[in-house]
Each structure stands twice: as structure tokens, then as C-alpha cells.
J.: 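Can you read through this structure? Questions will come right after.
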Amino acid sequence: MDNKKVLKQMIEFHKKSFDNCFSIMVTLQQQAENILNFFHYLPIMTDEGKKFMKERTSLYKNWIDELKKAMDEGYAKVEAFYDDKTMQNLHDQTRKIFKFYMDQSIWMPPHLKKLLEESDALYQKGCDEFKTYVEQNRQQVENYYKNLYRQKTKAGK
């Protein structure tokens with residue numbers, strides 16, 4: 001599977017997860033606000049107490065709006081970063097540098113040549129392990145949602 005496609009799926013998954021958690025947080029905030037509004041109508045509540053609750057509620061709403069805005073901007077930047085092919089360019093440049101040094105191996109002392117070969121193998125192994133890790137996690141998430149859908153349809157029948 002293409003690295004770019006896998007990373008895009010991971011970003012989309014995290015964005016959807018955040019959006020779900022955020023909607024739960026907003027719902028909880030609205031319920032807390034409803035409870036506070038109930039206290040507004042109690043005769044024992046002072047004007048100062050009502051003012052304090054309004055300030056806290058508005059501060060919390062502002063904080064939630066700023067959080068959502070920051071997260072959306074962050075996801076947009078991450079998507080732009082991966083759409084810009086920056087990671088692929090970095091990988092290609094690193095590969096070219098290793099190739100350049102490996103082409104110069106006749107000029108190098110044997111211990112340096114061996115070190116560069118080991119570094120190249122280690123870099124390639126790390127890239128392969130990361131690809132495998134991403135693919136396994138993608139498959140686990142995909143299987144989770146497939147099973148979740150199956151359970152819902154079975155429960156519906």
C-alpha cells in the first residue's frame with residue numbers, strides 16, 4: 001500500500017476520533033450549562049453568583065471554540081505537509097545521500113564503508129518496520145469498525 005495513502009488514512013482516522021470526542025465534550029458542556037441555568041432561577045442565588053457562573057460558562061465556551069479551531073488548523077497543516085510530498089522528498093534525498101556516499105566507497109577506509117552500509121541497512125529496516133506497523137494498525141482499525149458494524153446489524157435484526 002502506498003505510504004501517502006496510509007498516512008492520509010491515519011490522519012483521517014485521528015481527525016474523526018477527535019471530532020467524536022469533541023462532540024461528546026460539547027454535549028457535556030451543554031448539559032453542565034443547563035444545570036447552571038437551573039441554579040440561576042433559585043431565589044437564594046445572588047447576582048454575584050449568577051455573574052460568576054455566566055463568566056465561567058462563556059470562558060469555557062471560548063476555550064472549546066479555540067481548541068476546535070487549533071485542532072482544525074493543526075490537521076490542515078498535517079494534511080498539507082503530507083500532500084506536499086515533503087516526506088517522500090525527504091526519503092528520496094536521504095536515499096540519494098546514502099547512494100552518493102556508497103558510490104564513493106572506493107575512497108573510504110573499510111571501517112567507514114562498513115559503517116555506512118550498516119547505516120543504510122538500518123535506515124531501510126526502520127522504514128520497512130514503520131510501513132509494517134502502520135499497515136497492521138490500519139488493518140486493526142478497519143477490522144474493529146467492520147466488527148462494530150456487524151454487531152450493530154445483528155443487534156438490529
Side-chain angles (χ1 to χ4, degrees), residues 1-37 40 50-105 108 112-156:
M1 182 175 256
D2 185 29
N3 290 346
K4 188 175 178 180
K5 190 175 180 181
V6 170
L7 288 171
K8 189 140 183 101
Q9 287 177 343
M10 286 175 56
I11 292 168
E12 288 172 3
F13 171 74
H14 284 282
K15 186 170 181 5
K16 286 179 184 177
S17 297
F18 171 75
D19 288 341
N20 290 336
C21 290
F22 185 80
S23 66
I24 290 169
M25 188 172 65
V26 169
T27 303
L28 291 173
Q29 187 271 334
Q30 289 170 345
Q31 290 298 324
E33 189 175 339
N34 290 339
I35 292 169
L36 286 177
N37 285 338
H40 273 253
K50 290 177 185 179
K51 181 181 174 187
F52 177 76
M53 286 193 299
K54 280 185 180 181
E55 286 176 5
R56 290 295 150 202
T57 303
S58 66
L59 284 173
Y60 191 74
K61 281 182 181 180
N62 290 339
W63 178 78
I64 285 178
D65 293 339
E66 289 175 12
L67 174 66
K68 178 68 172 161
K69 182 181 172 186
M71 292 303 291
D72 288 342
E73 288 174 2
Y75 281 117
K77 287 179 182 178
V78 168
E79 287 173 358
F81 178 76
Y82 285 110
D83 287 342
D84 194 26
K85 296 186 178 183
T86 306
M87 289 300 291
Q88 187 62 39
N89 291 341
L90 176 66
H91 181 71
D92 292 343
Q93 288 295 334
T94 305
R95 176 75 34 217
K96 286 178 184 176
I97 290 170
F98 274 127
K99 184 178 179 336
F100 173 77
Y101 281 119
M102 294 309 289
D103 290 343
Q104 303 297 323
S105 62
M108 292 182 203
L112 184 57
K113 180 180 175 185
K114 182 180 176 187
L115 180 65
L116 284 174
E117 288 172 350
E118 290 172 356
S119 297
D120 185 41
L122 185 64
Y123 178 76
Q124 187 62 44
K125 181 183 173 191
C127 289
D128 293 340
E129 287 176 356
F130 182 71
K131 286 178 191 176
T132 304
Y133 172 77
V134 168
E135 182 62 23
Q136 287 173 347
N137 284 329
R138 185 194 63 78
Q139 288 174 354
Q140 287 176 351
V141 169
E142 194 174 284
N143 291 338
Y144 171 77
Y145 282 108
K146 283 180 184 176
N147 290 335
L148 188 65
Y149 176 74
R150 285 185 198 140
Q151 289 174 354
K152 284 183 180 179
T153 54
K154 285 181 183 177

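This chain uses plain numbering: 1 for the first residue, then up along the sequence.
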J.: So, using salt bridge (Lys or Arg N to Asp or Glu O under 4.0 Å) as the criterion, who are the partners of D72 when residues are at least two apart?
T.: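 Only K15, K68 meet the salt bridge (Lys or Arg N to Asp or Glu O under 4.0 Å) criterion with D72.
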J.: Closest heavy-atom contact between H14 and Y75?
T.: O-OH, 3.1 Å
J.: Out of curiosity, T57 OG1 to N62 CG, how far, rounded to the nearest 0.5 Å?
T.: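 CG of N62 is found 11.0 Å from OG1 of T57.
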J.: Would you find more than 12 non-hydrogen atoms of other residues, nucleotides or ligands less than 6.0 Å from F52 atom CZ?
T.: no
J.: Roughly how far apart are L122 CG and E129 CD, rounded to 0.5 Å?
T.: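 Nearest 0.5 Å value for the CG-CD distance: 8.5 Å.
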J.: Take D19 and K16 through the side chain to side chain contact (heavy atoms under 4.5 Å, CB included) test and state the conclusion after the steps.
T.: CA-CA 5 Å; D19 288 341; K16 286 179 184 177; 5.5 Å; no
J.: Roughly how far, to the nearest 0.5 Å, is NZ of K96 from CD of Q93?
T.: 5.0 Å
J.: Give me each pair satisfying salt bridge (charged side-chain N to carboxylate O under 4.0 Å, His left out) with a member in residues 54-63, each pair once, sequence neighbours excluded.
T.: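 Residue pairs passing salt bridge (charged side-chain N to carboxylate O under 4.0 Å, His left out), neighbours aside: E33-K61.
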J.: Is there side-chain contact between Y60 and Q29, with at least one heavy-atom pair below 4.5 Å?
T.: yes
J.: Do Q124 and D128 have side-chain atoms, one donor and one acceptor, less than 3.5 Å apart?
T.: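 A pair is found: one side chain offers a donor N or O, the other an acceptor, under 3.5 Å apart.
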